[in-house]
Every structure is written in C-alpha cells, then in structure tokens.
Student: 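Take a look at this one; I'll ask things after.
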Amino acid sequence: MQERYDPAAIEAEAQRYWTDRRCFVVAEDPARDKYYCLSMFPYPSGRCHMGHVRNYTIGDVLARFMRMHGKNVLQPMGWDAFGLPAENAAIANGVPPAKWTYDNIATMRTQLKSLGLAVDWRREIATCRPEYYRWNQWLFLRMLDKGIAYRKTGVVNWDPVDQTVLANEQVIDGRGWRTGALVEKREIPMYYLGITRYAQALLSALDGMLGWPERVRTMQANWIGRSEGVNLGFPYAFDGVQGVLRAFTTRPDTIMGVTFCAVAAEHPLAAHAARQDPALAAFVEECKRGPATEAELATQAKRGMPTGLHVRHPLSGEPVPVWVGNYVLMTYGTGAVMGVPAHDERDFEFAKRYSLPIKRVIEVEGKPFASDTWHPWYAEHGRCVDSGAYDGLDYPAAVAAIATDLAKAGLGELQTTWRLRDWGISRQRYWGCPIPIIHCASCGAVPVPDSDLPVLLPEDLVPDGSGNPLAKCAEFLACRCPRCGAAARRETDTMDTFVDSSWYFLRYACSDNPRAMVDGRVGYWLPVDQYIGGIEHAILHLLYSRFWTRVMRDLGLVSFDEPFAKLFTQGMVLNEVFYRRPPAGRVEYFNPADVEVKIDPADGRRSATLRADGTEVLSGGVVTMSKSKNNGVDPQVLVEEFGADTARLFTMFAAPPEQTLEWSDDGVQGAHRFIKRLWKAVYDHVTTGGAAPLDLRDLDEAQRSIRRQTHHTIAKVTDDLGRRRTFNTAIAAVMELLNALGRFAPRGARDRAVIQEGLEAAVLCLSPIIPHVTHALWRSLGHATAIIDERWPSVDASALEQATIEIVVQVNGKRRSRICVAADAGGEAVRASALADPNVRKFVGDGVVRKVIVVPGKLVNVVL
RNA sequence: GCGAGAGUGGCGGAAUUGGUAGACGCGCUGGACUUAGAAUCCAGUGGGGCAACCCGUGCGAGUUCGAGUCUCGCCUUUCGCACCA
C-alpha cells in the first residue's frame, strides 16, 4: 500500500475496474427486488456545474447503498438535448445546434464519468436523436386518434422585426430580446394536449403520493386549481342584441348581494360597448396592454369604467350595471364576475372607488358589519339575510336552493372550474421534435402515417434569429399529402421540450428497442423508486410526466398510474458573489476563484480584492450559483485538484441534501483532509502488521467500547442513508468513529483485530459516498474481493450491550451530575443512587424532595 | 396580499419521540515537527467569572418536573402562489 493518497491514480484504477467488469450493466432479474434510482437528466448546456454534481452524487449514493442491500439497481443517464439555448448558441457562433449539442454531450459525459457514477451507460439516450423522438411523434399521433391532441388557435409573442415567435423568457419589458421591437400578440393555429381531462385524476392521486414532499403536492394541487361553484347567466337585450352574460362564482349564496357585473377588457361585451364610446375604448386598450409582471397585476389598484349597458339579475330580474374591470381575467372562468362588494374584498375595493352600492346579504354570527371599511370576516360563510326566500339559510342550504332556482330559470348550474389549461405543445422553433403533420391544400392538416416515422429534423441548419429555419428549408418542407398524394407542405412547428422529458424515464428500460416505444422491460423497472431533482421542476415537468404516464396507461402501453414513487428535491448550490459597480456602465461580476478574501485579525472585518489587479471588490452576499452572477465553481477543476471523492464528500457533508449548500473552499479542504486521514489510518494499521480474525471472547472494556462505537456507527449510517437521507450526519458519525479509532493505541493482536473491524466498517459505510478511495482501501485491508460487490455491514447487537450506563441527574431541571448505574438497574435503584450523589446532595441541601422523575436509561430529575 | 417553511457559536451545520444544547467540519488561538511552510500532528475554542457557578437556541408570554423541540402573539427571512371570481 502506498503511503500517499493519490486520488488521480486511485480513481482511474477504480473506474477502470468498474468499466472492465461491467459492474453497472444491469438486466431484469425477476428473482431480485429492483430499485430504479433516477436523477433528472441534464440539459447539455456546455459544462457540468455544481448543481449537477450534487444531484448525481445524491442519486449515486442511494444507488450504491441499495446495491449493497442486494437490490437490482438501475441508474441510467441521458440528455435533455432539444431546446432554445442551442439555437441561441448557433446565432452567436454560426454553429448548427446539432453540432453544438453533440459536442456538449461529449464534454459533459466525460465530466460525469469522472465522478464515478454507478450508471449503466449502455442505456444512454439523447432526446434529439431520431431513435428517441420518433416515439414522441408516434405517441402524438395516438393522441390525435384519441382526440387527446387537437388543433386550435392560440396566442403567441410575435417579434415583428425578426418575423419570429418568441418564448416568454425572450420578451423583456414587452420587447423582443434581440431586436428591442415591441412584441405583438398573434393568434396562430397550434396543437394542444388535453391534460385538463385528467385534472381530477391528477389532483385526486396527490393525496396518496406519500413518497413526495408535501410542498410539491401542494404546489401541484394549486396549479391544477379546482374550484366548485355555480355558473350563472345574466340575461340582456340591448341594441337589438339578446344574450346572456355568463359568470362563475364560488359564492352563489351571495347572489342577492350583486350590485354590478364586471367583465375583462377582452370580453366581447366590453368590445361591443367600446364601439360607441371612445373613452371606454381607450381604457380597454390600456387594460389589454396591462402591467409588465403578474406581481404588479396583483397589487395594482382596481380600476374600471361603466359600459353603460345593463343586464338582468337572474333571480330578482333587477337591472345590474356592467363595468369593465382591470382586475377581471379573461383567462379564468368566463371572463366576467358578479360584483358582490359586501362579501368580496376586490369587489368591495372596486365599489368603494366608484361609489357603487354595497348590499349586505350574509350575516356571520358575532361579527359586525359596516360598509365603510373592509373586514376579512365579510367573506366568511354565514347565514343569508335580506335575501328574500333564502333568509336564514346557511351556506350549503343556500347554495342548494339558489342552484335549484337558477336551474329552473335556465340561468345557472353547479360547475367545477379548473385553473389548469390544456398543454400547448407547438413551438415555432427549429431545434425540437418535428410535429408529424402535413398540410394539404385540399385535405387540410393530415397526420404523417406511422410507416413514414420518424419525421427527421435536418441537423445541418443554422438559425439566424429571423423566423424558423425549417420554414426556409425546401427539402424539409416538400412532401406529398398522405391522403390525396398532391404536393403538400410539412408542418414546421416543433414540440415543447417538456414533451421529451415527459417519458424519458420509460425509455431507459428499453432504449435499445427500435420497434416499440416501450416493451415488457418497462413493467419490470418502472415505476421509478426514487426520483431526484430540483424543486424548480415541482410543477410542470412532474405534472406533464404524470399526465403522459396516464395517457400511455389508457393506450395500454404501461400498467401503472404514477411514474415516480418517491421524489427527493435537492437544494441549490450557493456561492458568494463579488462585483464592482463602475461609475458608468454595467455591474461587473468576478468569479470567487479570482478573488482573495482577507480577514483583518484586529477587527475581524473582511476585505476582498481581485487577484489580477489587487483592487477591492464588493461582496454581494451568498446566492445561487449562476452564469449571470459569475459565481460558479467548475467541478472539473475541483476533480482535477482534489479528486472526485473529495467533490462528492464535500457536497454530501456540507449540508443536508434537501437544503441549500453554501460553497466553501475551506470546506473542500476539510473534506480532502478527512480522506487523507482515513487513508493514513488504514496505512498505519496495515503497515504495522494488520490483524488476525477477531475473537469476541474476553474483550476488555476499551475493546468493547471501540466495538460498541463501530456498531453504533453502522446502525446510525444505515438509518441516515436509508431512511432519513441525511448524508451529512452519516458522514459525521464515521468521522467520530475514525477519531475514536485514532485515539485507541493498539497494544496486542486483539486490539488490532478490533481496529480492523472498525476500519472496515468505516470504509464500507463510506463506500457509497466516496467509492474510489474505499475501493482501494478495501483491498489494502486484505480483501481479495471488490467492495462494490460487498453487502452492507450489519449491526452486531451484542456489541451494543453495556454493563453500566451513564445517567444524567438534574435538580429542578438543571443538569447537576452524571452517575453510572447497571444497565439493568430498576427505577428505584437509579433513584437511590441519584439521590446519594454528592453533587446532587449539595444542590438538594435541606430542601424538600417533592418528586423524582426517572426516565429509564436516560436521566433522573429531582424536583425540590 | 395569501400559503408553507426557517431563525441555534465567528461560519456550515447537529440535537431523530419533550430529556446532557452546540455532534461533525471549517475558522481561530497556543504548541510540536521543520531552514521554512498554505503540509502533518497535539491541545483549546458559546458568553461571563479566579472559582463555585451564572447566562445562553430571533423577541414576549404560556404548558411541563423538564422546552431549540409543544401552544399563543410579535419580529425577521426564504420559498411558492399571486386580482382564480
């Protein structure tokens, strides 16, 4: 065994061993329990960042831990390879997105492999490969057959200068990100997936998904946004037009308190009224432009204008004035609301501003009502008052009665409304999966026959930022109508990249099958046992995947409802940000690697200077690592300097995996130091003679104490890794064990055997976290086997037994002493020896002992 | 605005079921080795006090023999949602 810890050599050797022996290549084995451990696949942006290291290390620790428990573990990897950044890079560098993407994948694959992940690389997929995306197209066609996919016009952001559609994030303050031109809204035909028809199922299932964080389940429930109420109609007849203004309410019991109706600026009634009223037309236009952000939208003042039109109350028949309100959303419900100022805060604010009547119709017991100021209880449920026939009814009774009466009048019915919209998947972009449709002058939009799949995306186009290059590519565009055979034009829209990521976890089970999207192997591996990824995907990706899985189930392709049994959301990686604000121009950010931080020993003040020029830079605090703040740490530099094991150990030790992780160069040093200490401990042990097998008979107390700590550590690490997922405390426990072993100076063969057992436990417990160095150390400890094939160590319960235990003694709840008692001592004996303790007697003095509380095995509290 | 979580040494964090607050690591201080050291090893390290002890988990109350942990009110902060009718 070498004296020096040499990570580069050790890691190369271990990785070579795993690769040569195909250690992580797995196949279905019905005789064994499977464990599908999946980390969210990366977007090939160029280089790995620390967030990747953290994500994939968490997954790898679990995969290796489960493997050591005898599970048949699948841990795959792939690339979420379509998307906008490749097109932006192409515009900037003139390189085709395909080349940029494949180059990035090659770089990042090498980087990920250097971390030593226990991945079955044979199963690797990239969503931009036709072998993958042809099944996007195939399933899309199945959805068209079933009516789950359909075509409808939708609104997009249109850049009039570049003549192109912009993604929301490309619109900055209402202008195109490249051209600065005012962005227009355009209506174009798009394809939608009917996720709303699964809304109830997606919502109901959340309750049973106990393997998911509560937070994520709540976010999904809010996103789906079910609300129950009544859809009611306000009939009108003016200017020779007859109709009904529809509104949705969750508070039908307040219907007798309606004093106005408000419609959204986009509502047809607003447009109708605006035709004769230029001032109203101007207001409508202003509302449509709207404020820049949703937060502003939520906090801006309620404003409105009367339309001059009146509708009739569906129950009383009274005329009700119709206003245009800037707080009414065209995209929710019917784009119109009934105004009940007495019992809705927004309506109250609106009514106050425009002096509309406020009519109270609900009484909440013990809560006063006055129409001059709003109080939150005005919106509570109560009993109807001043509501004619409904007086005295409580909420459920009033809803039932009013719904019945509305239904009789033909002006309303119970209705459930959803916040969730159908999923628009059309993107007017090049670097994505082509939507398999052909447009024919006589047959319309015709699906591409299955036999013509995949519709191949040309990989040699270079977008220039104006329009979709597919629309200028004659080879791609030209085709024949599958139905009539006439010359036709191919659809140039591509699919949202969320489509690609909605089912990739299925494909890993059968990525080598060219004939089918999924096969029987999916039934063995799926559902995913543990899914690991960022909280930023809590809603869209996870909801779309759940939806997609259900669609495939209904098509008979899979036999389960939910794709991910357990979800783990890891925290972000943070680092300090340094900047300088020049007198003119933009803030300049400096990478922490280029900044030297000094602490003045006199006053403890920190100062930061740029290494390049020695001038001062300012600290902007600790924030998420990002390109824009230039505070990222390159994992590759870290691996080259300290090795993958140090990178893995630091990211697992510095914080619990679910919390944010603060980067710390000193912390990395500390992790590295620990590995060196572990190495040295084994080196010292084996070079001074190793150990003979352990004979458990007649151990002395020091030996028993070491064994107790060894087995206590195994128990703790097993629980921390397996149940609590607190990798940081697991590592701390092994550190404690190593500290204890270091303090123990062996004097004989028996001592050495006890140390050997302790070192083996430490190495085994750490092997999921730092697999390379433990691979080498296991050999050094005298094993011919590879640690990757070892079973997880088990706890020897007899090692945990103690003849005497320490008990804490409190007097009036404050710790005053510790006593040693026999482990099997009864409460009475413990009580007696506590009261006899000199320090306890001192504090008791001549006070009267009122009570003695004995917590067996833990403490005694003497109450005076 | 609404909802959920968090607040513990100089720092990251630990305390799992109401039972010794500060594990483990970083940093710092002192020492050893060394020509020297950012390497390594040893010792110390919440605050106050010579000590016995006292104080201490954002603030204020409460429950309890006992509260970082439970309850109520407040402050700060992070995240999510954001006029959802």
Side-chain angles (χ1 to χ4, degrees), chain A residues 213-216 218-219 222-223 225-227 229-230 247-251 254 261-262 264 293-302 325-329 331-340 344-347 349-350 376 417-419 535-536 538-539 571-572 574 599 601 604 606 622 649-650 653-656 659-671 673-674 676-677 680 716 719-720 723-724 726 728-736 738-739 742 806-818 842-843 850-855 857-864:
Chain A
E214 180 75 44
R215 188 162 62 123
V216 175
T218 308
M219 282 163 75
N222 290 340
W223 187 262
R226 180 192 157 104
S227 58
V230 163
F248 176 75
T249 180
T250 54
R251 289 300 301 275
T254 66
C261 281
T293 69
E294 287 183 319
E296 278 173 47
L297 193 88
T299 46
Q300 74 175 355
K302 312 259 173 304
N326 67 346
Y327 69 100
V328 185
L329 304 174
T331 49
Y332 185 79
T334 61
V337 296
M338 64 176 209
V340 185
D344 180 280
E345 188 171 1
R346 292 156 305 172
D347 297 345
E349 195 189 317
F350 192 79
T417 312
W418 304 85
R419 186 185 172 282
I535 185 74
E536 66 272 21
I539 298 174
M572 308 263 225
L574 317 181
I599 295 166
R606 288 171 91 243
V622 177
L649 183 65
F650 171 73
F653 179 62
Q659 289 179 30
T660 56
L661 182 152
E662 267 186 47
W663 188 259
S664 154
D665 286 330
D666 289 326
V668 174
Q669 291 281 354
R673 194 176 304 148
F674 171 73
K676 285 195 282 188
R677 277 178 51 222
K680 186 171 188 301
K716 163 105 180 122
D719 190 43
D720 284 356
R723 180 183 63 90
R724 297 177 68 210
T726 52
N728 54 328
T729 54
I731 295 164
V734 181
M735 286 174 169
E736 282 186 81
L738 202 70
N739 290 343
E806 195 181 69
I807 301 267
V808 170
V809 187
Q810 301 180 329
V811 179
N812 282 342
K814 295 194 180 196
R815 185 174 63 75
R816 294 303 181 190
S817 189
R818 293 162 217 246
K842 188 180 114 193
F843 276 90
R850 280 184 27 224
K851 203 174 354 169
V852 178
I853 287 145
V854 178
V855 183
K858 277 204 174 142
L859 64 62
V860 177
N861 188 11
V862 180
V863 185
L864 299 183

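We name chains A, B, ... by the order of the sequence lines, and we start the count at 1 in each one. Remember, predicted model here, so these are calculated numbers, not experimental data.
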Student: Quick check for you: among B:C65, B:A85, B:G13, whose closest atom lies nearest to any side-chain atom of A:Phe248?
Tutor: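 Among B:C65, B:A85, B:G13, the one nearest the side chain of A:Phe248 is B:A85.
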Student: Any side-chain N or O of A:Asn728 below 4.0 angstrom from OP1/OP2 of B:A14?
Tutor: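 True: A:Asn728 side-chain N/O within range (under 4.0 Å) of B:A14 OP1/OP2.
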Student: Quote, to the nearest angstrom, the P distance that separates B:U57 from B:C11.
Tutor: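 Rounded to whole Å, the distance is 16 Å.
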Student: Is there a donor-acceptor contact under 3.5 Å linking the side chains of A:Asn739 and A:Arg677?
Tutor: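 Yes, because at least one side-chain N or O of A:Asn739 sits under 3.5 Å from a partner of the opposite role on A:Arg677.
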Student: Please encode protein proximity along nucleotides 48-55 of chain B as a string of B, S and -, counting only heavy-atom distances under 4.0 Å.
Tutor: ----SSSS
Student: What heavy-atom pair brings A:Val863 and A:Asn812 nearest, and what distance separates the two atoms?
Tutor: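 Taking every non-hydrogen atom into account, CA-OD1, 3.5 Å.
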Student: Considering only atom P, compute the distance from B:G13 to B:A23 and round it to an integer number of Å.
Tutor: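 Taking atom P in both B:G13 and B:A23, they lie 15 Å apart.
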Student: Can you check the A:Gln810 CD to B:C65 P distance for me, whole Å?
Tutor: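 Checked: the CD to P distance equals 13 Å.
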Student: Do you know which two heavy atoms are closest between A:Leu661 and A:Phe650, and how far apart they sit?
Tutor: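 For A:Leu661 and A:Phe650, the tightest heavy-atom pair comes out as CD2-CE2, 3.9 Å.
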Student: Are the side chains of A:Lys716 and A:Thr729 in touch, meaning some heavy atoms are under 4.5 Å apart?
Tutor: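 Yes. Closest side-chain heavy atoms under 4.5 Å.
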Student: Among B:U16, B:A15, B:A85, which is the nearest nucleotide to the side chain of A:Thr729?
Tutor: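 So the nucleotide nearest the side chain must be B:A15.
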Student: Only stems of 3 or more consecutive Watson-Crick or G-U pairs count here, both distances under 3.5 Å; name the ones for RNA chain B, or none.
Tutor: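 Stem segments, range with range: B:1-7 with B:75-81, B:10-12 with B:24-26, B:27-32 with B:40-45, B:46-48 with B:53-55, B:58-62 with B:70-74.
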Student: Could you measure between the two C1' atoms, the one in B:U69 and the one in B:G5, and give it in whole Å?
Tutor: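 Looking at atom C1' only, B:U69 and B:G5 are 16 Å apart.
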Student: Distance criterion of 3.5 Å, no angle test: do you see the side chain of A:Asn861 paired donor-to-acceptor with the base of B:C65?
Tutor: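 Pair found.
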Student: Write down the distance between CZ (A:Phe653) and P (B:G25), rounded to a whole number of angstrom.
Tutor: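 After rounding, the reported distance stands at 7 Å.
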Student: Starting at atom CG of A:Asn812, determine the distance to atom P of B:U64, rounded to an integer number of angstrom.
Tutor: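 Value for this atom pair: 15 Å.
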Student: Using a 4.0 Å heavy-atom cut-off across all strands, classify A:Arg677 as base, sugar-phosphate, or nothing.
Tutor: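 Sugar-phosphate, no base atom in range.
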Student: Do the numbers put A:Arg346 on top of the ring of A:Tyr327, so that NZ or CZ is under 6.0 Å from the six-membered ring centre and no more than 45° off the axis?
Tutor: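 No.
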Student: Please work out if A:Gly670 contacts a base, only the sugar-phosphate, or nothing of the nucleic acid, heavy-atom cut-off 4.0 Å.
Tutor: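 Sugar-phosphate only.
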Student: Hey, does A:Arg215 reach any base, or is it just sugar-phosphate, or nothing, if we go heavy atoms under 4.0 Å?
Tutor: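 Sugar-phosphate: the residue A:Arg215, judged by heavy atoms under 4.0 Å, touches backbone atoms but no base.
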Student: Does a side-chain N or O from A:Ser227 land closer than 4.0 Å to OP1 or OP2 of B:A85, or not?
Tutor: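 Answer yes for this pair, as a side-chain N or O of A:Ser227 is under 4.0 Å from OP1 or OP2.
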Student: I'd like the C1' distance from B:U16 over to B:A21, given in whole Å.
Tutor: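 B:A21 and B:U16 have their C1' atoms separated by 15 Å.
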Student: Heavy atoms from C-beta onward define the side chain here; which of B:C83, B:A85, B:G80 lies closest to that of A:Met219?
Tutor: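 Comparing B:C83, B:A85, B:G80 against the side chain of A:Met219, the answer is B:G80.
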Student: Hey, is the side chain of A:Arg723 pairing donor to acceptor with the base of B:U16 inside 3.5 Å?
Tutor: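 In this structure, the two groups form a donor-acceptor pair.
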Student: Rounding to an integer number of angstrom, what distance separates B:A14 and B:U63 when you compare their C1' atoms?
Tutor: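 27 Å, rounded to whole Å.
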Student: Using a 4.0 Å heavy-atom cut-off across all strands, classify A:Val808 as base, sugar-phosphate, or nothing.
Tutor: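 A:Val808: base contact, heavy atoms under 4.0 Å.
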Student: Give a yes/no on whether any side-chain N or O of A:Arg226 is located under 4.0 angstrom from OP1 or OP2 of B:C84.
Tutor: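 The answer is no; no side-chain N or O of A:Arg226 sits under 4.0 Å from OP1 or OP2.
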Student: OP1 or OP2 of B:C41 sitting under 4.0 Å from any side-chain N/O of A:Arg673?
Tutor: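 A:Arg673 to B:C41 OP1/OP2: no side-chain N or O under 4.0 Å.
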Student: Would you kindly compare A:Thr660 and A:Gln669 by the position of their nearest RNA chain B nucleotide and give the one closer to the 5′ end?
Tutor: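 Looking at the nearest nucleotide for each, A:Thr660 comes out on the 5' side.
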Student: Rounded to whole angstrom, note down the P distance from B:C26 over to B:G7.
Tutor: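 24 Å, rounded to whole Å.
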Student: Taking the side chain as everything from C-beta on, heavy atoms only, tell me whether A:Tyr332 gets closer than 4.5 Å to A:Thr417.
Tutor: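 A side-chain contact exists here, since the closest heavy-atom pair is under 4.5 Å.
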Student: Is any side-chain nitrogen or oxygen of A:Lys302 closer than 4.0 Å to OP1 or OP2 of B:C83?
Tutor: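 Result: no.
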Student: Work out how far the C1' atom of B:A61 is from that of B:G80, and round it to whole angstrom.
Tutor: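 The answer is 31 Å between these two C1' atoms.
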Student: Taking the minimum atom-to-atom distance to the side chain of A:Lys851, which one of B:C65, B:A23, B:U16 wins?
Tutor: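 My answer, after comparing the listed nucleotides, is B:C65.
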Student: List the atom of A:Met338, the atom of A:Arg251, and the distance in Å for their closest heavy-atom pair.
Tutor: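 Looks like CE-O, 3.6 Å.
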Student: How close or far is atom P of B:C84 from atom CE of A:Met338, stated in whole angstroms?
Tutor: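 These atoms are roughly 14 Å apart.
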Student: For nucleotides B:G22 and B:G27, find the distance between their C1' atoms and express it as a whole number of Å.
Tutor: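 It works out to 16 Å between them.
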Student: Whole-Å distance between B:G80 C1' and A:Arg419 CZ?
Tutor: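 After rounding, the reported distance stands at 11 Å.
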Student: Rounded to whole angstroms, how far apart are CE on A:Met735 and P on B:G13?
Tutor: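 Going from CE in A:Met735 over to P in B:G13 covers 15 Å.
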Student: Decide yes or no for A:Val622 and A:Trp663: does some side-chain heavy atom of the first lie under 4.5 Å from some side-chain heavy atom of the second?
Tutor: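 Not in contact.
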Student: Between B:G27 atom P and A:Asp666 atom CG, what is the distance in whole Å?
Tutor: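 The distance from CG of A:Asp666 to P of B:G27 comes to 4 Å, rounded to the nearest Å.
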Student: Could you classify B:G48 for me, syn or anti, using a glycosidic angle within 90° of 0 as syn?
Tutor: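 B:G48: anti.
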Student: Which distance, rounded to the nearest 0.5 Å, do you find between the CD1 of A:Ile731 and the CZ of A:Phe674?
Tutor: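 Reported to 0.5 Å precision, the distance equals 8.0 Å.
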Student: Over all heavy atoms of both residues, which pair between A:Asp347 and A:Val340 is shortest? Give the atoms and the distance, please.
Tutor: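 Heavy atoms of A:Asp347 and A:Val340 come nearest at OD2-N, 2.9 Å.
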Student: So does A:Arg215 have more than 12 non-hydrogen atoms from other groups sitting under 6.0 Å from CZ?
Tutor: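 Incorrect, the count does not exceed 12.
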Student: B:G19, B:U16, B:G80: which one has an atom nearest the side-chain heavy atoms of A:Lys716?
Tutor: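 Of the options given, the side chain of A:Lys716 lies nearest B:U16.
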Student: Under the side-chain hydrogen bond (donor to acceptor under 3.5 Å, both in side chains) rule, collect the residues that match up with A:Asp719, sequence neighbours excluded.
Tutor: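 With neighbours one apart ignored, the set is A:Arg723.
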Student: It should be established whether A:Lys858 places a side-chain nitrogen or oxygen under 4.0 Å from OP1 or OP2 of nucleotide B:G19.
Tutor: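 Looking at the OP1 and OP2 atoms of B:G19, neither is under 4.0 Å from any side-chain N or O of A:Lys858.
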Student: What's A:Val328 touching, base or sugar-phosphate or nothing? Going by heavy atoms closer than 4.0 Å.
Tutor: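 The residue A:Val328 makes base contact.
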Student: On RNA chain B, nearest-nucleotide positions of A:Glu662 versus A:Arg818: which is more 5'?
Tutor: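 Result: A:Glu662.
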Student: Measure the distance from CG on A:Asn739 to P on B:C24 and round it to the nearest whole Å.
Tutor: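 Checked: the CG to P distance equals 7 Å.
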Student: Determine the minimum heavy-atom distance between A:Leu859 and A:Ile807, stating which atoms define it.
Tutor: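 So the two residues come closest at CA-CG2, 3.6 Å.
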